[in-house]
Amino acid sequence: MATFLYSIGRFAFRRRRLVALVWVALLALAGVGAATASTATSNSFSIPGTEAQRAFDLLEERYPGQSADGASARVVFKAPEGEKITAPENAAEVSGIVKELKEGSDQIATVADPFDKKAPAVSQDGTTAYISVTYDVSSFELTEETRDSLENAGNDAREGGMTVEIGGDALMVMPETGITEVIGVVVAGIVLVITFGSLVAAGLPLITALIGVGIGVSTITALASVMDLGSTTATLAMMIGLAVGIDYALFIVSRYRAELAEGREREEAAGRAVGTAGSAVVFAGLTVVIALAGLAVVNIPILTKMGLAAAGTVVLAVLVAITLIPAFLGFAGERIVSRKDRKARKAAAEQAAATGEVLVADAPRDNGGTRWSRFVQRRPVMVLLAGVIGLGVIAIPATSLEMGLPDDGAQPTSSSPRKAYDLLSDGFGPGFNGPLVGVVDLKNSDDQDAVLQRITGEIQKNDHVAIVTPPAPNQAGDTATFQVIPKDRPNSTETETLVHDIRDLGDTLKSEDGAEVYVTGATAMNIDFSEKMNDALLPYLALVVGLAFLLLMVVFRSVLVPLKAALGFLLSVVAALGAVVAVFQWGWLGGLFGVEQPGPIMSVMPILMVGVVFGLAMDYEVFLVTRMREAYVHGESPAQAITTGFRHGARVVTAAAVIMIAVFAGFIGSSEQMIKMIGFGLAIAVFFDAFVVRMAIVPAVLALLGKRAWWLPRWLDRALPDFDVEGDKLRKKLDGKAAEGGSGKEERETVSV
């Protein structure tokens, strides 16, 4: 592996114009594809294998022509203080708005008058009413004229003193991340300048990362309509692509500068940097790809697509790092090194030329990394206990984890959808915003009317039910639907219990009357989604950790080091989940992070954190411990190897972690609750993993293990492939050629793999 990548690095350095041209052409091609692609027309959400999905599919089959993908809206009215919405002047105002909406757009399917006697939509106290609006197209296909007519609905009523708010997905827009995303990239640039002391060296990782992310996100945008990609897919890919793209470039540029400091020519330094640090980048990228692509085992299409899209962006980041980085290093010349170092090197070369001495690289000097590693090795038990206990305490809130999917009730309290949600809850009851849709398959039933009466009668007896609407059969008479309005909030445990009670009733009816009863709707889908996430978490964790364990065993030629890496990851991800629960569910410091309404944690959050954080955690493990392994293989003692790894890696890993935290934290400013929660969760997880697990617990454990850390049974050593990640074979080959009289500058032959 190292030898092959060494060849790629030197080729890219020599043919830098060709390599750069290829990547620019790919960026332009992807950009054109994104600009000319049709807008995504749906944001479908399906959960194969669940009862809610089976009911949804049955509805599409038995009620043809009634699209479930059309946008919807509710225009909610509340009468002025002391008045009724049914008062003649208020009722006339609302009825006028119904007429305006019908005439306002040809994309409207239906507009329900709240004063219709067949289906009234007025609260019992007479103060609140709502207009239901459905559209023939999805929210993404609504024209600006249609959106404007909806947004302007009720302006006259507002002027008359009524409260008018609009909910539903008709006005849904792409989430905004705000200025904090830009701040995250700016922070990354500042960290790079401090780390390298050179604007050129600092700008190179940013530029290459943006190129990789630009290609990835543009490709996702171009394929969004064809592959039905969700609105958050591109955001997640951008978030991860930026973070790993900058980090991977950072490690290769840092190794290149170290090779230059040892006196090697620029092309040779580029080849060796890609051969050594590039090997770590490839394997680190593989762990991220495994974790993201592994989301497919959950068997939820939207999650699979998000994982594969993000994994594709990571692959692009790896390819950019091992090809475009060495090409740009060729363009950068001596400016990749700080002006101070260039002057010092020039002065040393002039002095050596004047005295006839041979210029040699400076001896390694102590830095913050070496001092920290020696401190940890002097007190490994204390550091280990402090890290484990500290993260364990932070993880405690995770034991109170409640999961669900956000609805309008999780929106900021200042938004119109949230105000509409609260008005409906106050006027019609907490469960009104989460109705359950009952679907009855009557094909195998003999007395259909009796069955429907029995079903609705039994459901109405349930203590958690507020209202059961009369069943509405289809034209064929083989299916009927009804609505159940719970007494409790959509995301409450009582509503979840109600869903299971209705399904249990359906099992009884199927055995006695032959009728099948299903429960669907957004609330039931959310409950099924959460349960499926819970069921899939352990198998997914076993698959991802198992595959990554084998990969790391190949990289480190050790059993205990990969085991330690996996256990450390579990500790950091549980602690991060505890922090997420404390902020987003309990509301601790919620105002600081823009959490206006604490509530259940998104069902997708634990499994997504496991996938993404595991891959990113292994990045730091590979980058830091590979350098230790390299030093150990080259003859250093286990203690010296730890110090060497920290001498070369601590500063860079610290910078990489700060950059990744800054990028992820930039998404906390998003208007979308899901993006905000993911950004916070990933940022805090990287902080715990990089600075507590990898920088403290890892050296403490390695110090306690000593030589046993690098133990591998002989039979397993023979069975595992040797990819030479630490570059030992490459070093011997190049040193042998140098001994025969060749130099790094003159050598131009391609090294075989």
Side-chain angles (χ1 to χ4, degrees), residues 177-178 180 184 232 236 239 243 385-407 409-413 418 489-493 496 526 529-530 533-534 537 541 567-614 616-617 657-658 660-697:
T177 54
T180 51
T232 56
L236 180 65
M239 188 187 301
L385 290 176
V388 171
I389 293 173
L391 292 180
V393 170
I394 297 173
I396 291 175
T399 59
S400 302
L401 175 67
E402 295 178 9
M403 294 197 299
L405 287 179
D407 55 15
Q411 295 288 333
T413 54
R418 171 61 187 277
R489 294 177 297 107
N491 53 14
S492 65
T493 55
E496 183 178 350
N526 290 351
F529 183 77
S530 298
M533 290 292 98
N534 280 333
L537 183 57
L541 191 61
L567 294 176
F569 150 73
L570 292 174
L571 186 60
S572 60
V573 78
V574 173
L577 195 57
V580 170
V581 170
V583 173
F584 288 88
Q585 184 178 310
W586 293 358
W588 291 4
L589 300 177
L592 181 63
F593 298 102
V595 181
E596 297 187 25
Q597 180 62 36
I601 303 304
M602 287 184 312
S603 306
V604 72
M605 193 66 190
I607 204 164
L608 193 62
M609 280 187 65
V610 167
V612 177
V613 175
F614 181 78
L616 300 179
V658 171
M660 197 170 282
I661 291 168
V663 172
F664 287 149
F667 290 85
I668 296 176
S670 173
S671 60
E672 178 70 30
Q673 182 82 346
M674 179 176 180
I675 301 300
K676 183 189 296 288
M677 194 179 294
I678 291 174
F680 173 83
L682 296 183
I684 200 72
V686 169
F687 175 80
F688 290 153
D689 196 87
F691 294 110
V692 181
V693 174
R694 307 302 153 191
M695 301 289 283
I697 293 178

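Positions are given from 1, in the same order as the sequence printed here.
Annotation: side chain of Pro606 is in contact with side chain of Leu401 (closest heavy-atom distance under 4.5 Å). The side-chain heavy atoms of Val658 and Phe691, taken from C-beta on, include a pair separated by under 4.5 Å. Put simply, the side chain of Asn526 does not reach to within 4.5 Å of the side chain of Asn491, judged on heavy atoms. Within the 4.5 Å cutoff, side-chain heavy atoms of Leu571 are placed close to those of Ile697. Side-chain contact between Val686 and Val613 is absent, with no heavy-atom pair separated by less than 4.5 Å. By the 4.5 Å heavy-atom criterion applied to side chains, Phe664 and Ile684 are not counted as neighbours. Considering only heavy atoms from C-beta on, Phe584 stays 4.5 Å or farther from Met602 through its side chain. Under the 4.5 Å side-chain criterion, counting only non-hydrogen atoms from C-beta, Phe688 is in contact with Leu391.
Atom CG of Leu570 sits about 10.5 Å away from atom CG of Asp689, to the nearest 0.5 Å. Rounded to the nearest 0.5 Å, atoms CE (Met677) and CE (Met605) are 6.5 Å apart. In this structure, Leu541 CG and Phe569 CZ are separated by 6.0 Å, a value rounded to the nearest 0.5 Å. Going from atom OG of Ser530 over to atom CD1 of Ile601 covers 11.5 Å, rounded to the nearest 0.5 Å.
Closest heavy-atom contact between Arg694 and Ala690: CB-O, 3.6 Å. Listed here is the closest heavy atom pair of Gly679 and Ile668: C-CG1, 4.0 Å. The two residues Ala665 and Ala683 make their nearest non-hydrogen contact at N-CB, 4.0 Å. Considering every non-hydrogen atom in both Pro598 and Gly587, the closest pair reads CG-CA, 3.7 Å. The shortest heavy-atom contact between Val580 and Met609 is CG2-SD, 4.3 Å. Across Gly681 and Ala576, no two heavy atoms sit closer than the pair O-CB, 4.1 Å.
Other residues, nucleotides and ligands contribute at most 12 non-hydrogen atoms within 6.0 Å of the CZ atom of Phe687.
Proximity of a side-chain donor or acceptor of Gln585 to a complementary backbone N or O of Glu402 within less than 3.5 Å is detected.
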